[in-house]
Each structure stands twice: as C-alpha cells, then as structure tokens.
Amino acid sequence: MLYLDRRRQRRATEAARAAHGQGVPTAVAGTLAADTLLVAYASQAGQAERIALQSATALQQAGLRVAVQSVAQLTPEALRAHRRVLLVASSFGEGEPPDSARRFTRLLEQQGAGALAGMRYGLLALGDRNYARFCGYGHALDEALRKGSAEPLFPLIEVDSGDPAALARWMQTLATLEGAEHLALDTPLADAGPALPYTPWRLAQRECLNPGSEGGPLFELALTSDTSATWHPGALVEVQARHNAEAVDAWLATAGWAGTEPVHLASQPCTLAEALAQSVLPVPPLHFADAQACADTLVALAPRTYSVASLPQDCALQLLVRQERHAGGLGLASGWLTTHAPLGTLVPLRLVANPRFDAATGDVPCLFIGNGSGLAGLRSHLRARVAGGHRRNWLLFGERHSAHDTLCTAEIEGWQAAGFLARLDRVFSRDGGEHRYVQDRLRAAASELRAWVADGAILYVCGSAQGMGSGVDAVLAEVLGADALDALIADGRYRRDVY
C-alpha cells in the first residue's frame, strides 16, 4: 500500500521534471541571463519541487524563458543575478527550513541591506495550519529577502495542506507577470494522484513499556489488517483520532441531543454520537434545527502522525505512542490509543511515504540517534538492517531513568550480542549527577563520529525537535563543521524525522 503511494509521488515529480525539460546544472546556474525567470524551490518531501516544476512548465509554455533550481544548489549571489525570481518554500517541523534549504538560508541571512537590490520576487509558502508557526519558513524567507532589499512582485501566498484555492490564486497571480499573459490557468499543481484512503486496522495489542517512568507512559501498540500492506523502514502512519465516549456523552448532555439520532457525515450514514466522536466538538451556545443540521457543521479532527516501529514481515504495524497529558486531561489521540480504545477497536489509518527518512542502500555504516518515542523510527531501520545482514550500526538513544526507561531491552541487547550493533550508547539524563543528554554523548564521541562520517556513514535522527534534535544538530555542526554538515545534507546522508 505505501509502496504504491510512494511510487505515485515519485512518478508525479518525474513527470513534472520531464514536462519542464530544462533543469539547470548547478555549475552554470549563476551564468544564466538576467532576463531568465528563475523558479527556485525549498522542498522537504517533494511537494514544493513539483509545484515549482509545474509552475515553470506553464510559464515556459506561455513564452517566458524559465530555469528551475533547488535552493540547495543556490547562493545569494546566484539569486542576485536574476531580475525576477519565484520561490516555492515548504516549512519543516514547527516552521523551520527544509534540510536542503538550511545552507542557503544561513547564507541569505548573512547578507546585508542592499545585497539583493534590483531583484524582484514572488513567494509561495506551503504549510499546515495544525502547526503553530503556519508557513513559518516561507515568512522567514520573505523577511530575509526584504532585508536584502529585494522587492516583492506580489504579497506572499500561503497554502494550507495543498489547498486548491490557494494554488489557483498562485496561478492567477503568475498570469499578471510581464510576459505571462497567456499562462494556462488550468495547469494542475502538485497532483500526485488522490491520497490513499484511510483503512481500518484492528488494535490487537497494547503494552506499557515504561511503568513508573517520570516521562509519561510510553505504549507499544500492535495493529493488524485483513488486507496485505507494505511499507519501507522509516515510514509514517496517519491515524484518524477519536474523542472518548465520556467526552461525547458530556457534549450531548449539554446540547440536549440523543447520541442515537441517525445522521449522514460525508455522505455516510452513522449516529450523531459517531459523527461527533470523529469531529471537532462545537462550542456552545448551540443552535441547530436538528441532529443533521449539527452534523452538517462538523469539521473532521486533524489526523495524528506517528513513526512506524515495525516491518511488514513482523505481521503487525507497531507504534510507540507517548501518553500526553494536558490541563484538560489526556491528549486526544494518545489518550484514545493508549487508554480509551478497547482492544479490538478498528482504528482508521493510512500509511504515508517518508522519503526524507528513507532506508540506506547497501552496506554503508549507519548512525541512529534519537530519544523517547523516536525509537520507533530507528527500530524499523535497525530491524531492516539486521534482516539484511548489515552490521555497521551505531545506536545512540536517550531517556530519563535506566530503572524505568530502558526500552526494548531484549531486542536491542540481542542485536548487540549477535554483532549487529558496532556501538550502543544509552543515555539516561536523570540517573543522578549532572544531567547528560544524547547530544552530550555525541560530543564526547567526536573522534569516532568523525571516523564514521569519513567512512561514508548515514546519520538518522528521530525524536523531539526541540532539545534533542536541535542539540544534535548543534553538535554535528561543532564537531564536523557547518560546511561538512551542509555536504551531508546535500548528499542525503543526514536524515531526520523530528517533531
């Protein structure tokens, strides 16, 4: 299932490249004529690249001279060589630049006022409103360009999760550019085909891995499906969360409705209680003519994303879910999955390709770094490495207390005993004395880190973006140097799944 989704996305990008047919070699990017319209993209998972290529094709067909380039191969000097530039920028995590755009962003921020004088630009920012810093990188890029004295061709355009109306507005705006009057406004953008549907998986097992931990219970879930599915190491899964029955009953009591009232939600028959369980609960005061009128206003809950901790040959889709607790009680998705949903519950989910965290090819060394529930993404890779007979693996993993948080001990120590872990570092930050974290252990192993990188190692980082993720990033830049870290990113040897 995931393989087909992954292949469809790849085909869509390759088709966009072929349709444009004029990718610019890095070596000559800075020598393009100033009247060439440059379309640049900052992409993490491929959507920004597809939109940039499709936009460029439409502009080229309208009669403009157009070049396309990833910002990974650009410098501010190359940007300055163009009179007009269009940028399509994704945000990564909580509004950060995509990994491929980090070098360009750093160089751009070092430019002084006036460095980009004479350049005009248009910017399409891709994001997701479920994140606090919606289109955060797009806005940061816009600010940096303005500080360099570049002038906007039009106000920044935001796109929420591929919103077709926003993409249509982008095309309409491009048609107002000089020379683009004949632009085809019906050009499809970022069309990788319909998303895979959610399918029901049965919650077969649930086990708390860290009873007594101060860090909150971490559960291993096993889900099974009646249909076969395949996925790659590092894959993600989107789960359609549900409100627990108590929350729905409390809402119904306040509204004075019976949960058994029959309604239709997205054209499917169900009860009002079932519709409410999968939707954002409306806030009182409530004024609905009947139960169906209420259902017609409901907005679906946003899906929650988790790293897959198993492989298809494990005969179950396994997740590691941290039970979150807020002022109002348990977190919506984590509470449902770890407490409220009885075993046997059908959980709607779909597998999602994660190309930025793809498996290594061949017998290259791999360094796996993470913390907490980030062990999930690392474990799927390590299981694949063990199955493939690849022994040059280094696992560096952090948690709080060795007494409660030594996760998956039998499996990890089994790999080590069998010779599949060349090095194992488990860091427990609360085991007395000064707090030590994953990044501290990595710094202490600087000489071995350099040796692994020199030997071609691929670095995987999975877990919290703040603290661990940013700390590891800083240590890598410190130990290897910023230019070397940029080179790892450009070569696809620094792969992150942080959240």
- Task: With sequence neighbours excluded, tell me which residues meet side chain to side chain contact (heavy atoms under 4.5 Å, CB included) with T105.
- Result: P97, A101, E109, Y137
N/O donor to acceptor pairs below 3.5 angstrom from side-chain atoms of residues 271-284, sequence neighbours left out:
| unit_1 | atom_1 | unit_2 | atom_2 | d |
| --- | --- | --- | --- | --- |
| T271 | OG1 | E274 | N | 3.1 |
| T271 | OG1 | E274 | OE1 | 3.4 |
| E274 | OE1 | T271 | N | 2.9 |
| Q278 | NE2 | E274 | O | 3.1 |
| S279 | OG | A275 | O | 2.7 |

- For T224, enumerate each residue passing the side chain to side chain donor-acceptor pair (under 3.5 Å) test, keeping only those at least two apart in sequence or located in another chain. none
- Pairs meeting criterion side-chain hydrogen bond (donor to acceptor under 3.5 Å, both in side chains) with involvement of residues 481-496, two or more places apart: D99-R496, R106-D486, Y460-R495, D473-Y494
Output side-chain donor-acceptor pairs under 3.5 Å for residues 257-265, partner residues at least two apart or in another chain, one line each.
none

- Just grab all the side-chain hydrogen bond (donor to acceptor under 3.5 Å, both in side chains) pairs involving residues 326-339, residues at least two apart or on different chains. Q323-T338, Q323-T339
- Name all pairs fulfilling the side-chain hydrogen bond (donor to acceptor under 3.5 Å, both in side chains) condition that reach into residues 359-370, sequence neighbours left out, sorted by first residue then second. D363-H390
- Looking at R392 and V364, what are the two nearest heavy atoms and their distance? NH2-CA, 3.8 Å
- Query: Which residues satisfy the side chain to side chain donor-acceptor pair (under 3.5 Å) test with S373, sequence neighbours excluded?
  - Reply: Y499
- Results of side chain to side chain donor-acceptor pair (under 3.5 Å) for R103 - residues two or more places apart only: none
- Inspect the surroundings of CD in E478 and state if more than 12 heavy atoms from other residues, nucleotides or ligands are less than 6.0 Å away. yes
- Determine the sole option in V461, L396, L459, V498 for which the side-chain contact (heavy atoms from CB on, under 4.5 Å) test with V472 is passed. V461
- Could you pull out the closest heavy-atom pair between A247 and H243, with the gap in Å? CB-CB, 4.4 Å
- How far apart are the C-alpha atoms of H404 and E399, what are their side-chain angles, what is the distance that settles it, and do they pass the side-chain hydrogen bond (donor to acceptor under 3.5 Å, both in side chains) test? CA-CA 9 Å; H404 302 288; E399 256 292 357; over 6 Å; no
- With sequence neighbours left out, the residues meeting side chain to side chain donor-acceptor pair (under 3.5 Å) with E143 are K147
- Applied to residues 408-426, the salt bridge (Lys or Arg N to Asp or Glu O under 4.0 Å) test, sequence neighbours excluded, yields R379-E411, R383-E411, E413-R426, R423-D425, R423-E448, D425-R441
- Message: My understanding is that only residues two or more places apart in sequence, or in another chain, count here; which of them pass salt bridge (Lys or Arg N to Asp or Glu O under 4.0 Å) with R385?
- Response: none
